[in-house]
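Following: one structure in structure tokens, then a few remarks.
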2 protein chains.
Amino acid sequence: MAEKISDAEFEVLDALWEAAPAAASEVAARLKRRKNWSAQTVKTLLARLVEKGAVAHAPDGRRYLYRPILSKDAYARNAAKSFVDRLFDGRAAPLVANLADSGRLTKDDIAELEAILKELKRDRR
Amino acid sequence: MAEKISDAEFEVLDALWEAAPAAASEVAARLKRRKNWSAQTVKTLLARLVEKGAVAHAPDGRRYLYRPILSKDAYARNAAKSFVDRLFDGRAAPLVANLADSGRLTKDDIAELEAILKELKRDRR
DNA sequence: TAGGTTAGTCTACAATTGTAGTCAATACCG
DNA sequence: CGGTATTGACTACAATTGTAGACTAACCTA
């Protein structure tokens with residue numbers, strides 16, 4: 001596991017996270033709106049994801065149904081970790097500060113964050 | 001600007017952010033600890049960064065001094081945006097929740113976050 | 001001043017990535 | 001049943017990325 005997933009592969013995986021299992025054609029259809037990829041391209045990317053162990057495929061009649069092995073949550077967890085490590089010295093606070101600076105925090109976000117923090121303080125003893 | 005910066009290129013840029021301007025050999029020396037790259041590799045990567053417009057170089061005697069054009073802050077801002085967009089639906093709160101779940105928030109982080117939020121609430125009317 | 005040291009320039013080359021095309025088998029439609 | 005559409009398998013191919021080596025000019029040192 002943990003083979004690097006490329007940008008294009010990520011898009012496909014993301015489409016699979018939307019709903020799985022799904023046939024290649026379904027995935028391609030979902031991506032059609034965002035990307036302008038041919039069906040073949042999507043199939044190639046699915047195959048690469050399978051090779052990389054991020055996606056499983058099981059025969060269903062004469063086609064395959066694909067299903068993510070790597071969950072979005074697990075992926076996000078990892079990505080968040082390495083992202084924060086690389087750019088924010090492993091600490092979340094500067095990241096939030098940065099998001100705040102670039103005006104990416106809505107009032108709702110702020111309220112939600114406060115709630116999360118309250119939770120955290122309660123939980124940790 | 002905004003040409004895609006690869007992982008290896010990022011490492012070099014990151015070393016340049018540490019202190020600039022710097023000669024290629026200095027950058028290579030800094031990276032020596034983390035990566036085991038040859039001096040040539042570092043030079044190639046610097047050249048690519050220059051091509052991509054992320055780094056400037058000015059002659060200094062018979063060598064060049066390199067200096068980042070793209071600041072770490074600007075880079076981080078962008079990266080944070082697209083990162084949050086891709087994985088957290090553009091919203092910071094779920095990201096923080098995720099970091100919290102994976103135990104990546106220290107008590108200090110939490111305190112700091114609270115301070116940031118307080119600031120934010122004050123600032124925005 | 002001759003030989004090592006250091007910088008820059010050019011070239012290399014396999015692996016990965018983005019983006020499909022072709023072909024063959026199967027299935028469905030009229 | 002015969003054509004058309006669908007699906008997977010195999011192949012392709014340029015651009016980017018990772019990782020340097022070779023060669024040359026200039027410097028520094030004994």
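Each chain gets a letter, A, B and so on, in the order its sequence line appears, and its residues count up from 1. The structure displayed is predicted, hence computed values, not measured ones.
Side-chain contact between Asp60(A) and Arg63(A): present, with at least one pair of heavy atoms (C-beta onward) separated by less than 4.5 Å. For the pair Tyr66(A)/Val12(A), no side-chain contact is recorded, criterion being any heavy-atom separation below 4.5 Å from C-beta on. With a 4.5 Å cut-off on side-chain heavy atoms, Val50(A) and Leu46(A) do not count as touching.
Dashed line: the shortest gap from a side-chain N or O of Tyr66(B) to OP1 or OP2 of dA7(C) is not under 4.0 Å. One finds a side-chain N or O of Lys52(A) lying less than 4.0 angstrom from the OP1 or OP2 phosphate oxygen of dT17(C).
Distance, Glu9(A) CD to dA15(C) C1': 13 Å, rounded to whole Å. If you take CZ of Arg63(B) and P of dT24(D), they are 24 Å apart, rounded to a whole angstrom. Taking atom CG of residue Asp7(A) and atom P of nucleotide dA15(D), one finds them 19 Å apart after rounding to whole Å. As a whole-Å value, the separation of Ile5(B) CD1 from dA15(D) C1' is 18 Å. Separating the CG atom of Asp60(A) from the P atom of dT6(D) is a distance of 17 Å, rounded to the nearest angstrom. Atom CD of Glu11(B) and atom P of dT17(D) are 15 Å apart (whole Å).
Ring planes of Trp17(A) and Phe10(A): perpendicular class, angle over 60° (limits at 30 and 60°).
Residues from residues 27-49 of chain B with heavy atoms under 4.0 angstrom of DNA chain D, sorted by number: Asn36(B), Trp37(B), Ser38(B), Gln40(B), Thr41(B), Thr44(B), Leu45(B), Arg48(B).
Within the nucleic acid shown, Arg62(B) comes within 4.0 Å of at least one base atom, counting heavy atoms only.
Thr44(A) and Thr41(A) form no side-chain donor-acceptor contact under 3.5 Å, judged by distance and modelled atom types alone.
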